[in-house]
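Reviewing the structure listed below.
Keep in mind that the numbers below use all heavy atoms, side chains included, and drop hydrogens, waters and symmetry copies.
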Amino acid sequence: MTDRLTQVRLQKLDRIRKEGLDPYPARASRSHTSIAAAEAFEAAAKDEEVRVTVAGRLRSIREMGRTAFVHIEDNDGRLQLYLREDELGLDKFDLFLEAFDLGDFIQAEGEMFRTRTGEVTVRVESFLMLSKAIYPLPAVKEEVVNDEIVIHSAFDNPEARYRERYADLAVNPEIRDVFRTRARIIDALRQYLNNLGFLEVETPVLQTIYGGAAAEPFVTHHNQLHRDLYLRISFELYLKRLLVGGFERVYEIGKDFRNEGVDRIHQPEFTQLEFYMAYADYRVVMDVTEDMITYTVEEVLGGTQFEYQGQTIDVTPPWGRIELRAAIAEQTGIDYAEHKSEKALRKAILKAGIEAPEEASRGKLIEHLLDHHVVPEIIQPTFLYDYPRDISPLVKANPDNPESVERFEGFVAGMEICNAFTELNDPLEQEQRFLEMGRTYEEDDVNRHPLDEDYLRAMRYGMPPNGGFGMGIDRLTMLLTDRPFIREVILFPHLRAKEY
RNA sequence: GGGGGCGUAGCUCAGUCGGUAGAGCAUCGGCCUUUUAAGCCGCUGGUCGGAGGUUCGAGUCCUCCCGCCCUCACCA
């Protein structure tokens, strides 16, 4: 694209070259970041000279006759520079005004002082272009009113922001903060698990048989092997093979891929944490979950309470613990234990004036009640436990009640954030469950699982009893950054390809 | 996939009943040596998402297509 704005900047690029300067020099130097420079000035004695070399991107230029005030922005924040013709000389000063634009990266050296309005500023004695910007960044203006930053003409067209996330990040500092927080969340989770003796591992993204969740996979193809492969929909079956191998505590943080609809809390590519813990059951995993998330929230936010979309969330243990059956009964008046068959339960649901999906198993009906009538009501951190067996093929049955399995999910702010269970480690029962699954789903159901013979083989060598856990990192990040949409916490969310 | 909404200058947005396409900021030119949404004066800048249609005349009405948003469905 060579529109007029771009043409002007290309001419400026030439102008810089004609001055004998490289608009993209290989080397930069800086003695202080913006914050370090301001701190050094504040710490210095009254008459002491504080000389700095700073670097950053030009974010504002206020030309005032033979002087100019500009702000540069670096990773730490913003710093004001003051340029004067009598300080720089006519040629240099003109070069700056005529060839430097918003968005350019520059380097400047000078002595620090405080302006009449009290702002710590660098009086520039020399400057360099570090990188000339050819396209103008979206024109965002900021104003400080009563210590609050008011943004004018924000760059907030969603399509443009996600397509050009780099521009979004460049002009919206709060978006950069979202991803700094995201990194700290992952860091805290790692610390927590490492401290408990967990081993971080990596398992295949390309799988010959997908499993561990009910989801439609992405299919790809390996040319040399002449076979289709699937992008993983979960890590579960590989991580549990590692327990067979003798590791007692393993976890993985990585991407899962599900070829399904995109909405407020779903993206086809998302980040998951799963861990497996030998000799633990789902009760232990519940305790660990509470503790791990509390630790993470404290590390990242400095406390156990935070605001999410206008509601105060408190993760301080103990979290609510309610049997799934009781939670559904409370919200809908339906006790599914009284309706043992799919038919009977469907009848009860319709009688209660609630919609029931067509062609759903009894477990699917229960799940529908959970998703639509219980989950939206759960604001404070809560575990629901003991799930129907037919929607949980990898979970060990509850010894007191063979109808239910030892599984729980954690919910916060109307969102499911984790799913965990006492893992089924009986190879014969697992095989039986897989076969049951094959019957539950129709032949052409995309969620019907191919039977993973190799996983059964692994189990036959002996798998220690263990508790497993999975959590969506993106959703946790949504909570801790107060973002209502999952695409806000994913750097490059998926959009349709645009042709240029 | 169904339903609804939207797409106008680099950015944020107006555009009435179908009658020559506008504003602020940015850009460009001028003034201004402690400004900070700096200020003042002036000038530019448009395939109105794309294609077709109705009409003397379409940003506006109709059809199809593309993209984004919301919502439903799907989603251990």
Sequence neighbours left out, cut at 3.5 Å: what donor-acceptor pairs do the side chains of residues 93-100 of chain A make with other protein atoms?
residue	atom	partner	partner atom	Å
D94(A)	OD1	R66(A)	NH2	3.0
E98(A)	OE1	R15(A)	NH1	2.4

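Between T121(A) and H368(A), the residue anchored nearer the 5' end of RNA chain B, judged by the nucleotide with its closest heavy atom, is T121(A). For the pair D263(A) and V70(A), nearest-nucleotide mapping onto RNA chain B gives the more 5' position to V70(A).
Listed nucleotides C11(B), C74(B), A76(B) differ in distance to E260(A); the shortest reach to its side chain belongs to C74(B). Residue Q80(A) places its side chain closer to U35(B) than to any other of A76(B), U35(B), C70(B). The listed nucleotides are C69(B), G67(B), C75(B); the one nearest the side chain of Y162(A) is C69(B). The side chain of R163(A) lies closest to C68(B), out of G10(B), C75(B), C68(B).
Between H372(A) and A73(B) there is a side-chain polar atom (N or O) within less than 4.0 angstrom of OP1 or OP2. Side-chain nitrogen and oxygen atoms of R62(A) include none within less than 4.0 Å of the OP1 or OP2 phosphate oxygen of U35(B). Between R161(A) and U12(B), a side-chain N or O to OP1/OP2 separation shorter than 4.0 Å is absent.
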### Query
Using a cut-off of 4.0 Å between protein heavy atoms and nucleotide atoms, how would you tag nucleotides 27-34 of chain B 5' to 3' with B, S and -?
BS---BBB
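Both tests do not hold together for K396(A) against F421(A): distance to the six-membered ring centre under 6.0 Å, angle to the ring axis within 45°.
For the pair F69(A) and L83(A), the minimum side-chain heavy-atom distance is 4.5 Å or more. Side-chain atoms of N75(A) and T33(A), non-hydrogen and from C-beta on, never get closer than 4.5 Å to each other.
The pair D74(A)-R57(A) does not meet the salt-bridge criterion, since no charged nitrogen lies less than 4.0 angstrom from a carboxylate oxygen.
Between the side chains of Y387(A) and N398(A), no donor N or O sits under 3.5 Å from an acceptor N or O.
The separation between R59(A) atom CZ and A37(B) atom C1' is 13 Å, rounded to whole Å.
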